[in-house]
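I have placed the structure first, in the form of structure tokens, so that the comments after it can refer back to it.
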Amino acid sequence: MSSNPVAETVASLMPRAKAELTELVAFRSVADFDQFPRSESEGAARWVADALAAEGFQDVALLDTPDGTQSVYGYLPGPEGAKTVLLYAHYDVQPPLDEAAWSTPPFELTERDGRWYGRGAADCKGGVIMHLLALRALKANGGVPVHVKVIAEGSEEQGTGGLERYAEEHPELLEADAIVIGDAGNFRVGLPTVTSTLRGMTLVRVRVDTLAGNLHSGQFGGAAPDALAALIRVLDSLRAEDGSTTVDGLAADAAWEGLPYDEEQFRRDAKVLDDVELIGSGTVADRIWARPAVTVLGIDCPPVVGATPSVQAGARALISLRVPPGVDAAEATKLLQAHLEAHTPWGARVSTEQIGQGQAFRADTSSPAYRAMADAMAAAYPGQRMQYAGQGGSIPLCNTLAALYPQAEILLIGLSEPEAQIHAVNESVSPGELERLSVAEALFLRNYAAS
């Protein structure tokens, strides 16, 4: 870390940051209230609200959004006539999956091999702490030179759109000159990166029915249509022989023109098993940043343990389709649903239901805010130059904000580099990245105020 007062202040605050992240990670704030208590999410929301109030934020509020969750808002006034910057993160997290598979408990922040492990440590409770660190460093070194709004979402991982709809109903609330989305990440540890594109997403549930009820496979199997077998055929139709996504009518040949992604590096990042091939065609960057990708998220069918010799009468699956920039997510949803219906065999009854959607995003990287961030990252990461990368994931709020505030400059940074293993077991954050990115954000706010 280069020697400058902001960097020195952030370094001195890192023990406090670890203690605070420990408190925040301890909340089991999964916004799926069929699986996790609502009180855990509400507790995390109150923690964020209290932290903002302690930093002098005004108008701190727990916003009840239409999806039944809470987003946390606060406003920190800056000098008269200053620009306004909105800082975003989310406090909700993905489920821990198999808790027994974690090396340490998922909701206990644990230091190991130079990293801090815990669900949400990088995605995105660490983003909340990053914003707090940046603001504290500026307050200790001359003050915050811009008006700051903070919004911490409570249901980003569920894709239920509560904050998007709330923002549309209250368009003045999040209005800003620049917006920093703290929910992305560096291409790799130590390489400062802004995310210039995001794929969109649609979630579709498909159900196949063939019989009035399950049948004995010895008495009826061979002629009775098996709904699970039909569903397997439908799902298989979504991929070509090489694993490329094939949805009828959906283009899958776009090329990525930014930062390349070495195939061997990708294999290491993704922890692909030896001798297992990657799927798809084109470069890795083409496949994960510029083209659609379908994933079967879950299948409802009998588990192996306890299964009976039966022909299945019905089966269903949840399908995610990542949508590249330039493709309308609503149109992609229609194409996916039509494809599923067209490829269902044997005249089986099929129904589809869309349960979530978010548009893709492409940033304007020529704006003054990007120049301010480039200078800030160069100072926070000595010897490195800011890179532009895509991200295969979706942040639906980005497009809502871009539509509501077309003049606002939107930047995506964050702590979710490959080693963080977000959404997987043993998620972690690099404290060095948290420190450097907090410095970068603080310097960005100072640079942007002067631009």
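Distance CG/Leu397 to CD1/Ile395: 8.5 Å, rounded to 0.5 Å. Annotation: the span from Met130 atom CE to Leu133 atom CG amounts to 9.5 Å, rounded to 0.5 Å. Atom CD of Glu441 sits about 10.0 Å away from atom CG of Leu411, to the nearest 0.5 Å. Between the CG atom in Leu250 and the OG1 atom in Thr245 there is a gap of 8.5 Å [rounded to 0.5 Å]. With rounding to the nearest 0.5 angstrom, the CG atom of Leu336 is 9.5 Å from the CD atom of Glu341. Taking OG1 from Thr69 and CG from Leu62, the interatomic distance works out to 11.0 Å, rounded to the nearest 0.5 Å.
In this structure, the side chain of Glu433 does not engage the main chain of Leu415 through any donor-acceptor pair within 3.5 Å. Here the side chain of His131 pairs a donor or acceptor atom with the backbone of Tyr88 at under 3.5 angstrom. A distance-only check finds no donor-acceptor pair linking the side chain of Thr202 to the backbone of Leu321 [under 3.5 Å]. Side chain of Lys125 to main chain of Gly118: no donor-acceptor pair is present (N/O by atom type, distance under 3.5 Å, no hydrogens or angles). Between the side chain of Ser155 and the backbone N or O of Ala31 there is no donor-acceptor pair closer than 3.5 Å. Side-chain atoms of Asn186 never come within 3.5 Å of backbone atoms of Glu417 as a donor-acceptor pair (strictly under, hydrogens ignored). Checking side-chain atoms of Tyr73 against main-chain N and O of Lys149 turns up no donor-acceptor pair under 3.5 Å. The backbone N or O of Trp116 lies less than 3.5 Å from no partner atom in the side chain of Ser428, so there is not a single donor-acceptor pair. A donor-acceptor contact shorter than 3.5 Å links the side chain of Glu409 to the backbone of Ala369. Side-chain atoms of Gln387 come within 3.5 Å of backbone N or O of Arg385 as a donor-acceptor pair.
Using a 4.5 Å heavy-atom threshold, the side chains of Tyr117 and Gln421 count as separate. Contact of the Leu235 side chain with the Ile299 side chain is registered, since non-hydrogen atoms from C-beta on lie closer than 4.5 Å. The closest side-chain heavy-atom distance from Leu52 to Leu132 is below 4.5 Å. With contacts defined as side-chain heavy-atom distances shorter than 4.5 Å, the pair Thr22/Glu111 does not qualify. Annotation: side chain of Val194 is in contact with side chain of Met386 (closest heavy-atom distance under 4.5 Å). By the 4.5 Å heavy-atom criterion applied to side chains, Asn426 and Arg112 are counted as neighbours. Residues Val30 and Gln35 fail the side-chain proximity criterion, which asks for heavy atoms closer than 4.5 Å. Looking at Arg207 and Glu353, their side chains never come closer than 4.5 Å, going by heavy atoms from C-beta outward.
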Inset, instruction - Go through the steps to decide whether Glu427 and Val93 satisfy the test side-chain contact (heavy atoms from CB on, under 4.5 Å), and finish with yes or no. - result: CA-CA 11 Å; Glu427 177 184 346; Val93 297; over 6 Å; no

Legend entry - Worked verdict on Arg316 versus Asp300 for salt bridge (charged side-chain N to carboxylate O under 4.0 Å, His left out): CA-CA 5 Å; Arg316 67 177 186 166; Asp300 284 341; 2.4 Å; yes

Inset, instruction - Quick one: do Leu231 and Gln312 satisfy side-chain contact (heavy atoms from CB on, under 4.5 Å)? Show the steps, please. - result: CA-CA 11 Å; Leu231 178 63; Gln312 298 300 312; over 6 Å; no

Inset, instruction - Please report the C-alpha distance between Met14 and Leu434 in whole Å, then the side-chain angles of each, then the deciding distance to 0.1 Å, and finally whether the side-chain contact (heavy atoms from CB on, under 4.5 Å) criterion is met. - result: CA-CA 9 Å; Met14 288 303 292; Leu434 174 58; 4.0 Å; yes

Inset, instruction - Check the pair Ser320, Met201 against side-chain contact (heavy atoms from CB on, under 4.5 Å), reporting the backbone distance first and the verdict last. - result: CA-CA 7 Å; Ser320 162; Met201 179 188 68; 4.1 Å; yes

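Other residues, nucleotides and ligands contribute only 12 or fewer heavy atoms inside 6.0 Å of the CZ atom of Arg233. Summarising the local packing, CZ of Arg188 is surrounded by 12 or fewer heavy atoms from other residues, nucleotides or ligands at distances under 6.0 Å. Other residues, nucleotides and ligands contribute over 12 non-hydrogen atoms within 6.0 Å of the CD atom of Glu169.
Here the shortest heavy-atom pairing between Leu211 and Ala224 reads CD2-CB, 4.4 Å. Contact detail for Ile413 and Thr193: the closest heavy-atom pair is CG2-O, 4.2 Å. Ala376 and Ala440 get closest at one heavy-atom pair: CB-O, 3.3 Å. Listed here is the closest heavy atom pair of Tyr91 and Val72: CE2-CG2, 4.2 Å. Smallest separation of non-hydrogen atoms from Ser438 and Ala134: O-CB, 3.5 Å. Between Asn447 and Ala372, the closest heavy-atom pair is ND2-O, 3.2 Å.
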Which atom pairs, one a donor and one an acceptor, fall under 3.5 Å between side chains of residues 172-185 and the rest of the protein, sequence neighbours left out?
| from | atom 1 | to | atom 2 | distance (Å) |
| --- | --- | --- | --- | --- |
| Asp177 | OD2 | Thr84 | N | 2.8 |
| Asp183 | OD1 | His90 | NE2 | 3.2 |
| Asp183 | OD2 | His90 | NE2 | 3.4 |

If you look only at distance, which donor and acceptor atoms sit under 3.5 Å apart when one is on a side chain in residues 36-48 and the other is two or more places apart or in another chain?
| from | atom 1 | to | atom 2 | distance (Å) |
| --- | --- | --- | --- | --- |
| Arg38 | NH1 | Gly68 | O | 2.6 |
| Glu40 | OE1 | Arg28 | N | 2.8 |
| Trp47 | NE1 | Glu23 | OE1 | 2.8 |

Per-pair distances, 0.1 Å, donor-acceptor, side chain in residues 280-293, under 3.5 Å, sequence neighbours excluded:
| from | atom 1 | to | atom 2 | distance (Å) |
| --- | --- | --- | --- | --- |
| Thr283 | OG1 | Asp286 | N | 3.0 |
| Thr283 | OG1 | Asp286 | OD1 | 3.2 |
| Thr283 | OG1 | Asp286 | OD2 | 3.1 |
| Asp286 | OD1 | Trp256 | N | 2.6 |
| Asp286 | OD2 | Thr283 | N | 3.0 |
| Arg287 | NE | Gly282 | O | 3.1 |
| Arg287 | NE | Thr283 | O | 3.3 |
| Arg287 | NH1 | Ile279 | O | 2.8 |
| Arg287 | NH2 | Gly282 | O | 2.8 |
| Trp289 | NE1 | Gly390 | O | 3.0 |
| Arg291 | NE | Ala254 | O | 2.7 |
| Arg291 | NH1 | Ser281 | O | 2.8 |
| Arg291 | NH2 | Ala254 | O | 3.2 |

Run the side-chain donor-acceptor check on residues 158-167: report pairs under 3.5 Å with partners two or more places apart or on a different chain.
| from | atom 1 | to | atom 2 | distance (Å) |
| --- | --- | --- | --- | --- |
| Thr160 | OG1 | Asp67 | OD2 | 2.6 |
| Arg165 | NH1 | Thr160 | O | 3.0 |

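Screening Glu263, Arg268, Arg267 for a side chain to side chain donor-acceptor pair (under 3.5 Å) with Gln265, the sole residue that qualifies is Arg268.
Using a 3.5 Å distance cut-off with no hydrogens or angles, the side chains of Gln357 and Thr333 do pair a donor with an acceptor. Counted by atom type alone, Tyr388 and Glu257 present zero donor-acceptor pairs between their side chains at under 3.5 Å.
Remark: His339 engages Ser237, Leu238, Val247, Asp248, His343 in a side chain to side chain contact (heavy atoms under 4.5 Å, CB included) (not counting sequence neighbours). With sequence neighbours left out, Ala403 forms a side chain to side chain contact (heavy atoms under 4.5 Å, CB included) with no residue at all.
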